[in-house]
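The structure appears right after this line, and notes come after that.
Since this is a predicted model, take the numbers as computed values, not measurements. A note on names: the letters A, B, ... follow the listed sequences, proteins ahead of strands, and every chain is numbered from 1.
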2 protein chains.
Amino acid sequence: MAKVTIKDVARESGYSIATVSKALNGVDVVKETTKNKILEAAKRLDYSPNLMGKQLKSGSTQTLGFFTSSVTGPYFSILIDALANFSEKNGYGLNVFISSDRDKIMNTIRGRLVDGALLFDTIINDDDIEQFNNERISSVFLDRKISDGSTSSIVFDSQGAGRAIGNYLINLGHRNIAYIAGYDDVYDSELRFAGLKQALNDHGLVFEPHNRLAGMFEEEASYNAILSFLRVARLRGYELPTAFVAGNDTSAIGAIKALRHEGLNVPEDISVVGFDDIDVAEYFNPPLTTIRNPIMAQARGAVEILLSLLQGEQDIPSQVLPGELVIRKSTSNIPS
Amino acid sequence: MAKVTIKDVARESGYSIATVSKALNGVDVVKETTKNKILEAAKRLDYSPNLMGKQLKSGSTQTLGFFTSSVTGPYFSILIDALANFSEKNGYGLNVFISSDRDKIMNTIRGRLVDGALLFDTIINDDDIEQFNNERISSVFLDRKISDGSTSSIVFDSQGAGRAIGNYLINLGHRNIAYIAGYDDVYDSELRFAGLKQALNDHGLVFEPHNRLAGMFEEEASYNAILSFLRVARLRGYELPTAFVAGNDTSAIGAIKALRHEGLNVPEDISVVGFDDIDVAEYFNPPLTTIRNPIMAQARGAVEILLSLLQGEQDIPSQVLPGELVIRKSTSNIPS
DNA sequence: TACTTTTTTAAAAACGTTTTTATTTTTCTG
DNA sequence: CAGAAAAATAAAAACGTTTTTAAAAAAGTA
């Protein structure tokens, strides 16, 4: 019961390997009657082609690879589902690789296990990208802006989102706004922060450095950050901010819980906004005001760009997607 | 700047292809000094082996495939992440294939693109499984109980979970319990229902057929189902249930919203329990009492079984995992 | 030193395909 | 009906590896 190969089909049908291959792949030089005989033989033996052989010879896998260090969080579910759909619509399969091992990632990409790569949160550096260019490997980054030869990108306008939130809060009358940052080395968080500061500056306001706390993108870290922030503020007599902008929804939730624990109501006493619009945001009490990433648009755009790259287009400019402000109940006018 | 192959490394180093291959793969028949020379040459040319060639020859890809029709929902994030981790720990990569196209799935599995398959929510039928057995393809199902040759499974004890919830509610004093079902053809939902009925029977109670409503596993469908159920109950003078068991958390949420809309409080007037323990369950108001799937245990078990299968073990019995009752605030004693 | 054994390297076969080139068969033309 | 053209099939090369077998070089041995 060994695996049946094209050779077996050739023997069974009485034709050569070459004609069998052509018949099976619909190359139209083969006569109708022999084609049928071959198809029957293949069916009789229940032949299924070995994809390695096929791909090795043809040089193409007809699959796109999505590389990421993790898939936890609702963002990925939606993104991956969408990527798979758009890929399939264009005749490509999607393959998801979860790894933070740079060498492994480079091996699978350079080893031609996929025709093109979609990259998120991977430690691919500039040298690697140069290598992609040298070897004409097409890739699209989803988390960093770059455009160089056969690699391009499609990212959120994090800074614009920060600015939008800043403007929204300022319009509500807030003047003293705090920021709950993520990890220091997360570029995204910094961009959002920069946007917020920019909005402040545009209105002739300044961001007080002591108003920046470290939330680490986690609920508990954010909870604790708020607690110690409040303690320090009382100690030194800082005026409390009227609004907190969190680096993501999870830390916004932590912040609200901490504020409530300290007897402060959201949004009556203090407004809080998040980033991302995760599932929970809508159901939390109070429902979170936040910025939503246009995930579908990003997925569609990423696949489109990658496909163009695959067709030989070069230096496709990076695309920047605006976020969408979702106003719910965790923000309100400044209490007068 | 064409792709550099092992041939190029052979030329560059002055050795034959065979020795280069051995040097690169650490086969220890090659002399230390030549090995070094070859390694240097490879580095100089920045050689990266073509994985198709490698895999075609070796017959193994060192990857496990996870096949699913979709990845939406928090369950998958956790499951996939865990599967990837456990695979990696055992020297295998994990590849996620999202497709509901049976032929495509069978092609990639039979085409030997992966060494073994983890299957969830795919339309693989019994003939296909027989084919796996014929071709000695190892596979593990995560959503249906089966044990046959080189295919096995690891699933939740849905019926046991239903029973557990039933017992819990009965102990709280509930006697009149309703069930909000999913789709009729979802085996899982039926098992849960059967478990619930069993618990009732065990206590000498009966399930009233009119107490089964169709929630479709969706928030809105469940919302509407409750509304019309309430209307009919009032019309016909049925006594209202004191507890609703929903087929999943999402429909539990829809149910609670509908009950609240009708002026009924949860859990004061009516208890509601869900299934799955999705993220939102904890943050919803009131926090949901539900049953949690031991996703990590399932992932670990699935990989372990698949690995054993890959090593030639046969007829591994199906594993059944018990769910964990998570008691929160959506259930209470029956009002006396 | 001359032979044998061991170590090291090279050549060739193989994995399962597709594609290019060559050969055979069929059909057309005058 | 003979020859040329067209159609259909077969043979061989190729994709990039690893592995098996063969050959060469080095090291022992007497």
### Query
Looking across every strand, which nucleic acid part, if any, lies under 4.0 Å from Val30(B) by heavy atom: base, sugar-phosphate, or nothing?
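Sugar-phosphate, no base atom in range.
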### Query
Which is true for Ser58(B) with a 4.0 Å heavy-atom rule: it touches a base, it touches only sugar-phosphate, or it touches nothing?
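Answer is nothing: Ser58(B) stays at 4.0 Å or more from every strand.
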### Query
Do any side-chain nitrogens or oxygens of Ser21(A) fall under 4.0 Å of OP1 or OP2 in dT18(C)?
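True: Ser21(A) side-chain N/O within range (under 4.0 Å) of dT18(C) OP1/OP2.
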d([atom1], [X]; [atom2], [N]) in whole Å:
X        : N       : atom1 : atom2 : answer
Leu51(A) : dC15(D) : CG    : C1'   : 15 Å
Leu24(B) : dT19(D) : CG    : C1'   : 15 Å
Leu56(B) : dT17(D) : CG    : P     : 12 Å
Met52(B) : dC15(C) : CE    : C1'   : 13 Å

### Task
Decide yes or no, distance alone: a donor-acceptor N/O pair under 3.5 angstrom between the base of dT20(D) and the side-chain of Lys22(B).
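Counting by modelled atom types and ignoring angles, a donor-acceptor contact under 3.5 Å is found here.
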### Query
Is the base of dA8(D) touched by the side chain of Lys31(A) through a donor-acceptor pair closer than 3.5 angstrom?
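Flag unset: no donor-acceptor pair detected.
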### Leu119(A)/Thr151(A) under side-chain contact (heavy atoms from CB on, under 4.5 Å): CA gap, chis, key distance, verdict
CA-CA 10 Å; Leu119(A) 295 149; Thr151(A) 103; over 6 Å; no
### Task
Look at the aromatic rings of Phe76(B) and Phe120(B) and report parallel, tilted or perpendicular, splitting at 30° and 60°.
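Plane angle over 60°, so perpendicular.
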### Query
Which nucleotide, dT18(C), dT9(D), dG16(C), lies nearest any side-chain atom of Thr19(A)?
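Minimum distance to the Thr19(A) side chain belongs to dT9(D).
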### Task
Measure from the side-chain heavy atoms of Ile6(B) and tell me the nearest of dT19(C), dA10(C), dT17(D).
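Out of dT19(C), dA10(C), dT17(D), the nucleotide with an atom closest to Ile6(B)'s side chain is dT17(D).
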### Message
Any donor-acceptor pair under 3.5 Å linking the side-chain atoms of Ser77(B) with those of Ser77(A)?
### Response
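Yes, Ser77(B) and Ser77(A) have a side-chain donor paired with an acceptor closer than 3.5 Å.
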